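Both backbone and side-chain heavy atoms feed into the values below; hydrogens, waters and symmetry mates do not. Quick caveat, the model's predicted, so the values are computed rather than measured.
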Amino acid sequence: MAVTLAKEALDVGIITNNGEKMLAFYRDVLGLAQEPSIPFPGLGTIHRLLCGNSILRIVAADNAIETVTGGAFASRNGIRYLTINISNLDEVVADCKAFGSPIAVDIRELRPGVRCCQLQDPDGNYVEFIGV
């Protein structure tokens, strides 16, 4: 049986040893609004950031966890990137560059009228911006 969606969005969680830097990127550079954080004993603190109808959860681990960073876009399996559709691509990419985000694919035309850019967050996760 197919799921019956109760919310028209997909929420995502990223677990990190690098909570402050990840929050600085997603909250301060990208401007995602933060909802109250939730401490989760034995795991860490879940920081909830609004992205449209979706929630991005940055889970700052209490204890050091295995770190897997970077690598080429298609170098390993698993969830490799997030896509965020925005209308101010040039400004956001400039802010990300000033923050020091590695640029994998600089701004380019994807198809007529649609531009994109792929870069990495502080943990090496790919973030793709689609500018419309």
Note to self: Can you list everything that forms a salt bridge (Lys or Arg N to Asp or Glu O under 4.0 Å) with E35? Sequence neighbours excluded, please.
What the structure shows: R48
Check: Residues in side-chain contact (heavy atoms from CB on, under 4.5 Å) with I103, at least two apart?
Finding: K97, D106, C117, L119
Check: Listed by chain and number, what are the side chain to side chain donor-acceptor pair (under 3.5 Å) partners of E128, not counting sequence neighbours?
Finding: T83, Q118
Next item on the list: For residues L49 and L30, determine if any side-chain heavy atom of one lies less than 4.5 Å from a side-chain heavy atom of the other.
Entry: no
Item checked: By ring pair (Phe, Tyr, Trp, His ring centres under 6.0 Å) - contacts of Y81 (at least two apart) -> F73
Notebook entry, point to check: Below 4.5 Å, heavy atoms only, C-beta onward: do S101 and F25 meet side chain to side chain?
Noted result: yes
Note to self: Please enumerate all residues that pass salt bridge (Lys or Arg N to Asp or Glu O under 4.0 Å) together with D90, with sequence neighbours excluded.
What the structure shows: R115
Note to self: Do T16 and V59 have side chains that approach each other closer than 4.5 Å (heavy atoms only, starting at C-beta)?
What the structure shows: no
Next item on the list: Compare all side-chain heavy atoms of M22 with those of N125 and state whether any distance is below 4.5 angstrom.
Entry: yes
Next item on the list: Kindly confirm or rule out a cation-pi arrangement of K21 over Y26, judged by NZ or CZ under 6.0 Å from the six-membered ring centre and within 45° of its axis?
Entry: no
Check: Are T45 and I38 close enough that some pair of their side-chain heavy atoms sits under 4.5 Å apart?
Finding: no
Check: Which heavy atom in L10 sits nearest to a heavy atom in S54, and how many Å separate them?
Finding: O-OG, 3.2 Å
Next item on the list: Run the numbers on I130 and I84 for side-chain contact (heavy atoms from CB on, under 4.5 Å), then give the verdict.
Entry: CA-CA 6 Å; I130 302 291; I84 304 173; over 6 Å; no
Next item on the list: State, yes or no, whether a side-chain contact exists between I46 and S37 at a heavy-atom distance under 4.5 Å.
Entry: no
Note to self: Is it the case that the side chain of N17 and the backbone of I65 share a donor-acceptor pair, with hydrogens and angles ignored and the cut-off at 3.5 Å?
What the structure shows: yes
Notebook entry, point to check: With no hydrogens and no angle check, is any side-chain donor or acceptor of N88 less than 3.5 Å from a backbone partner on E91?
Noted result: no
Margin query: Is the shortest side-chain heavy-atom distance between L82 and Y126 below 4.5 Å?
Written below: no
Note to self: I need the minimum non-hydrogen distance between P122 and N18, along with the two atoms involved.
What the structure shows: CB-ND2, 3.8 Å
Checklist line | Closest approach of L56 to I14 (non-hydrogen atoms, all atoms of both residues) | finding: CD1-CD1, 4.0 Å
Check: Between L89 and C116, is any pair of side-chain heavy atoms under 4.5 Å apart?
Finding: no
Notebook entry, point to check: Mind checking what makes salt bridge (Lys or Arg N to Asp or Glu O under 4.0 Å) contact with R57, not counting sequence neighbours?
Noted result: D11
Next item on the list: Give, for atom CD1 of I55 and atom CG of L32, the distance between the pair rounded to the nearest 0.5 Å.
Entry: 11.5 Å
Item checked: Common cluster, V132/L110, ILVMFWY with side-chain heavy-atom separation under 4.5 Å -> yes
